[in-house]
Amino acid sequence: MEQLVRTFFNTYAHQPDGIWAAPGRVNLIGEHTDYNDGFVLPFALPHRTMVAAARTDEQRWTVHSTTTGETVTFGPPSLDERVPGWAAYVAAVVWALRDAGYTVPGALMALSSDVPQGAGLSSSAALECAVLTALNDLGELDIPVHERPSIAQRAENVYVGMPCGIMDQSASVLCRDGHALFMDCADLTSEQIPLDLTAAGLAILVIDTRAPHRLVDGEYAARRAACEKAAKLLRLPSLRHATLSDLVRVGDELLRRRARHAITENQRVLDTIALLGDGKPEEIGPLMTASHASLRDDFEVTVPELDTAVEAALAAGAHGARMTGGGFGGCVIALVPASATDHVTAAVEHAFAAAGFGPPATFIAVPSPGAARIA
Ligand code: ADP
Ligand code: MG
């Protein structure tokens, strides 16, 4: 934080009015379900994006990223002439707030982040939600907390052009310390689920495969389109309303598998919630592993690095493991006995070396708080 304030001062010769932060996330289970009106169960990471900001009287926004070292200035954003590069995510939030009818104050901003970028841990939502929270407070906009994720999602969908669902922004805004967020993406209602893995002698090991993201945007959009097509075929508003018995009516084999993933994944989220409620967290492992198999075989969004990490973690004693995030690279989470984290980490590193992959990065994920002013 001190360093960020120093950077802010060096950039603008001015003190910030405050510092805001919003986290990245992992998703425990419920992948590619959000845009199907389904269930998700993410929790926030301690990794977060911080924004130091000061209000100005002009309708201009200037943002410096310590990650890129660049400073970008823009006026009132419009869809006709978009801010290029990473600052698009900042302009997108200003655009979405203004489009929602808010009077957004001009601002000077400096941001820093320890959320790995492009690793499926949602650095984009962390950035959007940190900026949105800062602008809300600076402008005293009083945006209801439950409306914030949709505004940030719209920023990414419409301005940035990434057709993401609502999960990442919801997690970044709504998550609480020590809890996972059980969310019904059909009506955006959510429930805080206590997740004290340490007390149960467990840990969530995050394995960042560092596999370069491949074909992410196009393939993501294609999966989304396939799900919409399957729902339309079934004359349903979304796959949320489909059951396994409906699948015989989907003639196309590929569409059938895509739909089967969405249907079975929703049930796995509900089964996970039930087990956590019964105080049996280690028993969610097989559901996580089944989720991965479904994402690999039916939804086809894994890559060899993700599959290798899951297999190696399971072979080394993980209760369960799955890719988390959109796929095509990114991270795996493994539910492991706390005493076995080093062993599982070593086993995954060994498997990566044997397969000729670069070394993965690993850390233990602890459920952390959502977006807030921190200074
Ligand atoms: P993910 O959300 O999984 O990390 P995305 O591709 O959705 O991956 O978002 C990553 C993009 O977000 C980066 O390429 C960059 O444009 C932007 N971004 C995230 N964090 C920062 C940051 N600290 N500084 C500048 N840009 C950032
Ligand atoms: Mg993202």
Side-chain angles (χ1 to χ4, degrees), residues 1 3-4 7-8 11 19-27 31-32 34-35 40 42 44-45 47-53 61-74 82-93 109-134 149 152-173 206-221 223-224 301 303 306 323-333 361 365 371:
M1 248 198 283
Q3 179 135 24
L4 183 60
T7 301
F8 188 96
T11 310
I19 302 179
W20 290 261
R25 57 99 192 95
V26 289
N27 188 19
E31 213 66 77
H32 286 277
D34 58 355
Y35 55 78
V40 294
L45 291 171
H47 306 67
R48 57 193 188 174
T49 297
M50 291 193 289
V51 178
W61 295 266
T62 302
V63 58
H64 174 85
S65 168
T66 58
T67 312
T68 67
E70 293 169 310
T71 306
V72 176
T73 298
F74 55 89
R82 298 183 207 202
V83 173
W86 62 270
Y89 291 87
V90 180
V93 171
M109 294 174 266
L111 64 96
S112 68
S113 182
D114 62 352
V115 185
Q117 283 182 37
L121 301 177
S122 203
S123 70
S124 59
L127 174 50
E128 291 151 10
C129 295
V131 169
L132 188 146
T133 311
Q153 181 201 14
R154 190 145 184 276
E156 187 155 341
N157 285 170
V158 181
Y159 190 96
V160 178
M162 165 63 189
C164 58
I166 190 71
M167 174 174 69
D168 296 353
Q169 292 82 5
S170 299
S172 193
V173 170
V206 180
I207 303 154
D208 179 357
T209 65
R210 288 178 160 152
H213 263 216
R214 295 160 202 156
L215 309 164
V216 193
D217 296 1
E219 291 290 333
Y220 189 96
R223 294 303 178 284
R224 203 174 161 148
V301 293
V303 291
L306 291 167
M323 55 155 272
T324 189
F328 304 107
C331 292
V332 159
I333 53 171

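Read the numbers this way: they start at 1 and go in the same order the structure lists the ligands and their atoms. Owing to the predicted nature of the structure, the values given are computational and were not obtained by experimental measurement.
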Visitor: Would you say the rings of F8 and H64 are close, in the sense that their centroids are separated by under 6.0 Å?
Guide: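 Distance test on ring centres: not under 6.0 Å, no.
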
Visitor: Would you check whether G325 reaches within less than 4.0 Å of ligand 1, judged by its heavy atoms?
Guide: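 So G325 does not count as touching ligand 1.
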
Visitor: Has E70 got a side-chain atom pairing as donor or acceptor with S65's backbone, closer than 3.5 angstrom?
Guide: no

Visitor: Between Q153 and C164, is there a donor-acceptor pair closer than 3.5 Å when you use the side chain of the first and the backbone of the second?
Guide: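 Between the backbone of C164 and the side chain of Q153 there is a qualifying donor-acceptor contact (under 3.5 Å).
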
Visitor: Which option out of S123, A87, G69 puts a heavy atom nearest to atom 4 (O) of ligand 1?
Guide: S123

Visitor: Among all protein heavy atoms in this structure, tell me which lies nearest to atom 6 (O) of ligand 1, with the distance rounded to 0.1 Å.
Guide: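 Result: Y89 OH, 4.2 Å.
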
Visitor: Regarding atom 27 (C) of ligand 1: of the candidates V115, L127, T68, T66, which has the closest heavy atom?
Guide: L127

Visitor: Taking the side chain as C-beta and beyond, is there a heavy-atom pair between Q169 and L132 under 4.5 Å?
Guide: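 Sidechains of L132 and Q169: no contact.
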
Visitor: Answer yes or no: is there a donor N or O on one side and an acceptor on the other, between the side chain of T209 and the main chain of G330, under 3.5 Å?
Guide: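 Yes: the side chain of T209 pairs with the backbone of G330.
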
Visitor: In the structure I gave you, are the side-chain heavy atoms of S172 and R25 within less than 4.5 Å of one another anywhere?
Guide: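 A side-chain contact is absent here, since even the closest heavy-atom pair is not under 4.5 Å.
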
Visitor: Tell me: protein heavy atom nearest atom 14 (O) of ligand 1, and distance?
Guide: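 Residue, atom and distance for the closest contact: Q117 OE1, 3.8 Å.
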
Visitor: Any idea which protein heavy atom is nearest atom 26 (N) of ligand 1, and the distance to it?
Guide: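 Looking at atom 26 (N) of ligand 1, the protein heavy atom closest to it is W86 CB, 3.2 Å.
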
Visitor: Is L111 close to ligand 1, meaning an N/O of one under 3.5 Å from an N/O of the other?
Guide: no

Visitor: Numbering the atoms of ligand 1 from 1, which are under 4.0 Å from a heavy atom of G120?
Guide: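 Contacts of ligand 1 toward G120, numbered from 1: 3 (O).
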
Visitor: Specify the protein heavy atom at minimum distance from atom 25 (C) of ligand 1: its residue, its atom name, and the distance to 0.1 Å.
Guide: S65 OG, 3.4 Å

Visitor: Evaluate S124 for polar contact with ligand 1, using N/O atom pairs at a separation under 3.5 Å.
Guide: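 So ligand 1 has an N or O lying under 3.5 Å from an N or O of S124.
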
Visitor: Should Q3 and S112 count as side-chain neighbours, where that means a heavy-atom distance under 4.5 Å?
Guide: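 SC-SC contact between Q3 and S112 ruled out.
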
Visitor: Does the N or O separation between G118 and ligand 1 drop below 3.5 Å for any pair?
Guide: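 For ligand 1, there is an N or O atom that lies under 3.5 Å from one belonging to G118.
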
Visitor: Which of the numbered atoms in ligand 1 are under 4.0 angstrom from any heavy atom belonging to P116?
Guide: 4 (O)

Visitor: Examine the side chains of W86 and Q117 and answer whether a donor and an acceptor come within less than 3.5 Å of each other.
Guide: no

Visitor: Considering only heavy atoms from C-beta outward, does the side chain of V63 approach that of L111 to under 4.5 Å?
Guide: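 Sidechains of L111 and V63: in contact.
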
Visitor: Looking at the Mg ion (ligand 2), is there an N, O or S atom belonging to S124 that lies under 2.8 Å away from it?
Guide: yes

Visitor: Considering distance alone, does some N or O of T67 sit under 3.5 Å from an N or O of ligand 1?
Guide: yes

Visitor: Quick check: S113 and ligand 1, any N/O pair under 3.5 Å apart?
Guide: no

Visitor: Out of D168, I166, D34, which one pairs with V40 under the side chain to side chain contact (heavy atoms under 4.5 Å, CB included) rule?
Guide: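 Of all the options given, the one that passes is D34.
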
